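Order of the sequence lines sets the chain letters (A, B, ...), proteins ahead of strands, with each chain counted from 1. Predicted model only: the values in this text are computed from it and were never measured. Heavy-atom basis, side chains included; hydrogens, waters and symmetry copies ignored.
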Amino acid sequence: MPKYYLTTPIYYVNDVPHIGHFYTTVAADVLARYRRRRGDEVMFLTGTDENSQKNVEAAAKNGYAEIQPYLDMMSGRWRETWTALDISFDDFIRTTEDRHKKAVEKFWRAVEAKGDIYQGDYEGLYCAGCEAFVLESELVDGKCAIHKKEPNRLKEKNWFFRLSGYREKLLAHIDAHPEFIQPVGRRNEVRSYVDKFMSDVSISRESMKWGIPVPGDAKSVIYVWFDALINYLSGVGYGTDDAAFAKWWPADLHLVGKDIIKFHCALWPAMLLSAGLPLPRTVFAHGFFTVNGDKMSKSLGNVVDPKGVCATYGIDPVRYFLLREIGFGSDGDFSLARLAERYAGDLGNDLGNLLHRTLSMTEKYFAGKVPAPATGDTAAVWTAYEAAMDGLDFAAALDAAWGLMRDSNRLVDTEKPWVLAKTDTVRLANVMYTLLERLRQLSWLLEPFLPHIAPKIREQLGCAAAEQGKTWEQAKIWGGLPEGGTISKGEPLFPRLEEPKKA
RNA sequence: CGCGGGGUGGAGCAGCUGGAAGCUCGCGUGGCUCAUAACCACGAGGUCCUGGGUUCGAGUCCCAGCCCCGCAACCA
């Protein structure tokens with residue numbers, strides 16, 4: 001059985017999840033569910049990034065005297081959110097866990113042994129108010145924008161990672177493996193960064209107190225990114241479980257937002273090369289979206305809470321919307337008006353109504369029993385769907401499924417079962433079987449996206465138990481719906497919503 | 001010259017390696033009645049940002065320019 005290891009970024013716990021985090025996580029969840037159905041053994045890892053100065057500040061702001069209790073509370077909230085939204089993660093890594101610290105220490109030693117860590121001075125502007133280094137470009141009139149104080153020029157001893165030593169190897173890898181960085185626009189962006197701008201980076205801080213101590217230098221803590229990236233290793237046993245690590249690493253896919261592409265496509269692979277570990281097969285960067293046309297930000301007060309939206313529209317419709325509306329890899333807009341349209345149109349009218357009308361006719365003309373199988377061929381739909389999913393083109397995969405739906409609605413119209421019922425019952429049986437069988441197959445194609453709705457479709461088709469034990473390859477064989485099965489029409493899958501929320 | 005994305009019918013978007021302009025929604029007309037006021041067909045509607053260039057032929061390639069947006073600054 002092939003293995004498939006995929007990850008989301010680990011999230012900062014200085015705030016609660018918003019719709020953007022949900023987007024990344026849903027995409028990973030869809031893939032995880034898809035790969036499991038395809039028969040892969042899947043490891044889907046997500047988690048929280050806790051060794052950051054930001055978290056320390058957040059703890060203080062929220063009145064916590066100790067940092068760890070705050071982190072425990074917040075990390076718990078993230079985990080609960082994903083659980084409540086039925087994200088099917090297999091493991092949840094926290095960077096304050098012991099297994100992670102062990103992995104980081106082992107990794108540091110490996111890179112150090114390679115001779116890629118050296119000591120140097122880091123000089124920069126330090127704002128006492130922020131307790132952090134600030135950039136020249138962040139200053140307003142030479143003062144910190146937040147604390148209105150002039151920062152001090154400070155010099156501290158830092159450990160540096162010889163990132164520049166991997167420039168040629170990285171370029172060669174990027175060129176030899178077109179699948180390594182996707183989509184292609186991101187690959188070009190990273191390539192030019194690696195080629196022209198990439199320089200050695202400081203990987204420790206003396207001025208920060210919270211973090212994993214540098215092995216052999218207790219006064220310094222490891223820079224948060226150097227620490228955080230290693231979660232992808234510690235989550236599968238690096239430094240703690242050699243057998244598990246050998247099984248899962250390298251990762252098949254890191255899903256990331258476009259903002260952190262350089263960390264994942266330059267720093268991270270260089271770190272791995274240094275430590276003598278294989279590189280992840282693919283890093284895929286998705287886009288960002290605005291909310292109703294505006295940038296999402298706390299100051300604008302338009303940050304969307306995923307639980308809230310899902311409470312109104314349901315988890316499945318929101319999952320569907322995010323991956324259908326916005327091309328994966330492109331930027332887009334999250335609009336409640338569009339969500340309402342997709343809900344009523346694609347889901348209610350095309351899918352829900354197709355199922356409902358088909359079941360009604362089955363009740364009416366065949367007393368609720370599945371008629372004898374008719375011939376049919378949906379191979380092209382599956383082929384298109386699989387190709388799209390393998391390329392992480394979720395919108396195209398859904399298009400393939402919707403094409404079959406639209407064709408089915410058209411079939412009803414052209415065949416007119418209500419006429420056939422009086423003139424040609426053999427043909428009627430063929431039409432009805434075709435519709436029912438297509439719906440059975442659609443339940444499979446839709447399941448990764450609509451994990452709650454798909455089983456309901458099968459229940460209404462009366463084939464839930466029989467389908468449960470099938471493999472993907474068995475499911476796609478035409479004629480899987482057995483003759484004589486009893487359907488059970490239920491409530492509409494996507495009932496009209498009273499008052500669609502205004503955009 | 002900080003980095004990047006984009007400008008295609010009313011709205012939102014597809015258009016990969018160049019060869020008769022597509023999709024969804026909305027709108028109009030008609031059809032149907034199995035169905036969640038759902039479904040189906042047809043139709044109206046486009047200087048494919050501008051100006052050059054390459055080519056037998058360019059949304060699709062090259063150059064220049066204009067405009068919008070995201071990142072860079074809590075944030076996928």
- Query: Between A/Asn188 and A/Gly348, which has a closest nucleotide on RNA chain B that is more 5'?
  - Reply: A/Asn188
- Item | Length of the line joining A/Leu347:CG and B/C25:P, which is rounded to integer Å | 13 Å
- Item | A/Tyr343 ring center within less than 6.0 Å of A/Phe321 ring center | no
- Residues A/Ile181, A/Ile174; criterion side-chain contact (heavy atoms from CB on, under 4.5 Å); working and verdict: CA-CA 7 Å; A/Ile181 304 171; A/Ile174 290 168; 4.0 Å; yes
- Message: How many whole angstroms separate atom CD1 of A/Ile261 from atom P of B/G5?
- Response: 12 Å
- Note on the structure: Taken to the nearest whole Å, CE/A/Met74 to P/B/C75 is 12 Å
- Query: Can you tell which of A/Glu437, A/Met432, A/Arg438 makes a side-chain contact (heavy atoms from CB on, under 4.5 Å) with A/Thr434?
  - Reply: A/Arg438
- Item | Expected output: side-chain A/Ser75 to main-chain A/Leu71 donor-acceptor under 3.5 Å | no
- Message: Looking only at the side chains, is there a donor atom on one of A/Ser488 and A/Gln460 sitting less than 3.5 Å from an acceptor on the other?
- Response: no
- Query: Checking all strands, does A/Arg186 fall into the base, sugar-phosphate, or nothing category for heavy-atom contacts under 4.0 angstrom?
  - Reply: sugar-phosphate
- Specify the separation, in whole Å, of atom CZ of A/Arg496 and atom C1' of B/U36. 5 Å
- Message: Give me the distance, rounded to whole Å, that separates B/G6 from B/U50 when you measure between the C1' atoms they each carry.
- Response: 16 Å
- P-based separation of B/A73 from B/G26 [nearest Å]: 43 Å
- Task: Measure from the side-chain heavy atoms of A/Arg406 and tell me the nearest of B/U24, B/G4, B/A76.
- Result: B/U24
- Does the side chain of A/Tyr5 come under 3.5 Å of the side chain of A/His254 through a donor N or O and an acceptor N or O? no
- Message: Does the plane of the ring in A/Trp225 sit parallel, tilted or perpendicular to the ring in A/Phe263? Use 30° and 60° as the thresholds.
- Response: parallel
- Mind checking the C1' distance from B/G70 to B/U29? Whole angstroms is fine. 43 Å
- Where does B/G59 land, syn or anti, given syn is within 90° of 0? syn
- Quick one: label A/Gly352 by what it contacts on the DNA or RNA (base, sugar-phosphate, nothing), any heavy atom closer than 4.0 Å. base
- Message: Under a 4.0 Å threshold between the charged nitrogen and the carboxylate oxygen, would A/Arg410 count as salt-bridged to A/Asp407?
- Response: yes
- Start with the C-alpha gap between A/Thr290 and A/Phe334, add the side-chain angles, then the distance that decides, and say whether side-chain contact (heavy atoms from CB on, under 4.5 Å) holds. CA-CA 6 Å; A/Thr290 49; A/Phe334 182 89; over 6 Å; no
- Identify whether any heavy atom of A/Tyr193 sits under 4.0 Å from a base atom; if not, whether one sits that close to sugar-phosphate; answer base, sugar-phosphate or nothing. nothing
- Message: Please check this pair: side chain of A/Asp29 against backbone of A/Ser88, looking for a donor-acceptor N/O pair closer than 3.5 Å.
- Response: yes
- Whole-Å distance between B/G4 P and A/Gln182 CD? 19 Å
- Task: Indicate, with a heavy-atom threshold strictly under 4.0 Å, whether A/Leu355 touches base, sugar-phosphate, or nothing.
- Result: nothing
- Query: Atom CG of A/Asn62 and atom CD of A/Glu57: how far apart are they, to the nearest 0.5 Å?
  - Reply: 12.0 Å
- Message: I need the CG-P distance between A/Asn349 and B/U24, as an integer number of Å.
- Response: 14 Å
- Between A/Tyr11 and A/Trp78, what is the ring plane arrangement, given parallel below 30°, perpendicular above 60°, and tilted in between? parallel
- Message: Under 3.5 Å for both donor-acceptor distances, Watson-Crick or wobble: does B/G18 have a partner, and if so which one?
- Response: none
- Note on the structure: By the Watson-Crick or G-U definition, both distances under 3.5 Å, B/G2 is matched with B/C71
- B/G46 - base-pair partner by Watson-Crick or wobble geometry, distances under 3.5 Å: none
- Query: 5'-most contact on RNA chain B: A/Gly257 or A/Met405, nearest heavy atom basis?
  - Reply: A/Met405
- Query: To the nearest Å, how far apart are A/Trp82 CH2 and B/A76 P?
  - Reply: 10 Å
- Inter-nucleotide C1' distance (B/C68, B/C49), Å rounded: 11 Å
- Message: Measuring only the C1' atom in each nucleotide, how far is B/C48 from B/G59? A whole number of Å is fine.
- Response: 5 Å
Each nucleotide N or O in nucleotides 60-64 of chain B that has a protein N or O under 3.5 Å away: list the pair and distance.
none

- Backbone N or O of A/Glu179 within a donor-acceptor pair of the A/Thr282 side chain at under 3.5 Å? yes
- Base-pairing mate for B/C32 - Watson-Crick or G-U, with both contacts under 3.5 Å: none
- Message: If I take atom CG in residue A/Leu351 and atom P in nucleotide B/U36, what distance separates them, rounded to the nearest angstrom?
- Response: 15 Å
- Base, sugar-phosphate, or nothing for A/Pro417, non-hydrogen atoms under 4.0 angstrom? nothing
- Message: Please determine whether a side-chain nitrogen of the Lys or Arg among A/Arg406 and A/Asp350 lies less than 4.0 Å from a carboxylate oxygen of the Asp or Glu.
- Response: yes
- Message: Say we look at B/G30 and B/A11: how far apart would their P atoms be, to the nearest angstrom?
- Response: 27 Å
- Message: Would you measure the distance from the C1' atom in B/C34 across to the matching atom in B/C27 and give it in whole Å?
- Response: 27 Å
- Message: With a cut-off of less than 4.0 Å, is there a side-chain N or O of A/Arg410 near OP1 or OP2 of B/C39?
- Response: no
- Note on the structure: Contact string for nucleotides 29-35 of chain B, one letter per nucleotide 5' to 3', B = base within protein heavy-atom range under 4.0 Å, S = sugar-phosphate only, - = neither, reads --BSSBB
- Listed in order of residue number, which residues of residues 13-29 of chain A have a non-hydrogen atom at under 4.0 Å from RNA chain B? A/Asn14, A/His18, A/Gly20, A/His21, A/Thr24
- Task: Please measure how far the C1' atom in B/G7 lies from the corresponding atom in B/U60, and state the result in whole Å.
- Result: 15 Å
